[in-house]
Amino acid sequence: MHMMMPVALPTARATGPAAMNIGTTIRGYRLQKGMSQGDIEKRTGLLRCYLSRVENGHTVPSLDTLQKIAGALDLPLSQFFADDPVSRDVAAIALSEDEIRFLTQIQRYSAHLSDSDRKLLLAMVRKFAQTTLT
């Protein structure tokens with residue numbers, strides 16, 4: 001009978017893809033809100049050099065620290081962990097799966113539209129909404 005030797009599995013490091021993802025996610029929301037690392041530092045007490053290390057994937061923050069950062073960005077903590085970018089963007093809004101699917105389709109198609117066509121589409125949606133309300 002052959003005995004299997006246990007194999008050591010690689011351990012996760014702070015520079016792995018998950019670490020890069022959370023740092024990139026934090027930076028994306030910070031920039032989207034027009035905030036600097038200094039703004040986050042003022043709201044959380046976390047040093048800018050630490051925030052830089054997190055955003056660059058050199059360190060992984062604890063959940064406690066993530067909660068502070070989420071609070072400083074006025075976001076729910078869960079928004080950092082959404083797999084789907086659309087779900088992440090609307091995580092604070094209660095939408096049904098059908099509504100999320102519909103908005104995802106709109107986003108996909110509107111990416112190829114010109115700015116004037118997007119405005120026209122939005123005007124049409126407003127018009128449809130008004131006719132269903134009256």
Side-chain angles (χ1 to χ4, degrees):
M1 187 170 213
H2 229 266
M3 266 187 110
M4 297 292 284
M5 295 296 292
V7 177
L9 297 175
T11 56
R13 298 180 322 194
T15 58
M20 294 295 286
N21 187 26
I22 193 69
T24 303
T25 300
I26 290 169
R27 176 183 287 129
Y29 282 119
R30 179 178 60 76
L31 295 174
Q32 182 181 357
K33 292 185 173 275
M35 297 175 74
S36 69
Q37 289 177 342
D39 295 328
I40 304 298
E41 179 182 43
K42 288 175 191 166
R43 291 183 175 202
T44 63
L46 300 169
L47 298 176
R48 265 183 283 208
C49 59
Y50 175 77
L51 293 167
S52 175
R53 289 185 53 76
V54 168
E55 288 185 3
N56 289 307
H58 298 296
T59 190
V60 179
S62 68
L63 282 175
D64 234 15
T65 301
L66 278 176
Q67 182 63 55
K68 287 179 187 178
I69 295 170
L73 293 169
D74 295 321
L75 296 171
L77 179 61
S78 61
Q79 201 150 350
F80 288 152
F81 299 103
D83 288 337
D84 180 8
V86 172
S87 297
R88 193 181 309 132
D89 289 343
V90 295
I93 303 170
L95 296 173
S96 71
E97 282 187 41
D98 286 341
E99 289 169 322
I100 292 171
R101 199 172 299 115
F102 174 75
L103 291 174
T104 302
Q105 288 175 331
I106 295 294
Q107 181 185 32
R108 188 177 311 126
Y109 294 129
S110 69
H112 304 291
L113 297 176
S114 67
D115 193 43
S116 61
D117 286 345
R118 282 190 192 120
K119 288 178 182 174
L120 176 61
L121 178 61
L122 188 57
M124 289 171 47
V125 169
R126 282 190 193 117
K127 189 69 172 170
F128 283 132
Q130 289 172 351
T131 58
T132 58
L133 295 175
T134 56

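None of the values given here were measured: they were computed from a predicted structure. No hydrogens, no waters, no symmetry mates; every other heavy atom, side chains included, goes into these values.
Under the side chain to side chain contact (heavy atoms under 4.5 Å, CB included) criterion, Thr65 pairs with Leu46, Tyr50, Pro61, Ser62, Ile69, sequence neighbours left out. By the side chain to side chain donor-acceptor pair (under 3.5 Å) test, Arg27 is found to be paired with Glu55, Asn56, residues two or more places apart in sequence or in another chain being considered. Residues satisfying the side chain to side chain donor-acceptor pair (under 3.5 Å) criterion with Glu41, sequence neighbours excluded, are Arg48.
For the salt bridge (Lys or Arg N to Asp or Glu O under 4.0 Å) condition, the pairs that include at least one residue of residues 64-80, sequence neighbours left out, are Arg43-Asp74.
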Donor-acceptor pairs are to be reported for all side-chain atoms of residues 115-124 against protein atoms at under 3.5 Å, with residues two or more places apart or in another chain.
residue, atom, partner, partner atom, Å
Ser116, OG, Ser114, OG, 3.2
Asp117, OD2, Ser114, OG, 3.4
Arg118, NE, Ser110, O, 2.9
Arg118, NH2, Ser110, O, 3.0
Arg118, NH2, Leu113, O, 3.4

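Going from atom OG1 of Thr44 over to atom CD of Gln37 covers 10.5 Å, rounded to the nearest 0.5 Å. How far CG of Asp39 is from NZ of Lys33: 12.5 Å, rounded to the nearest 0.5 Å. Between the CG atom of Leu77 and the CG atom of Leu63 there is a distance of 6.5 Å, given to the nearest 0.5 Å.
In this structure, the side chains of Leu73 and Gln79 stay at 4.5 Å or more apart for every pair of heavy atoms. The shortest side-chain heavy-atom distance between Ile22 and Leu66 falls under the 4.5 Å cut-off.
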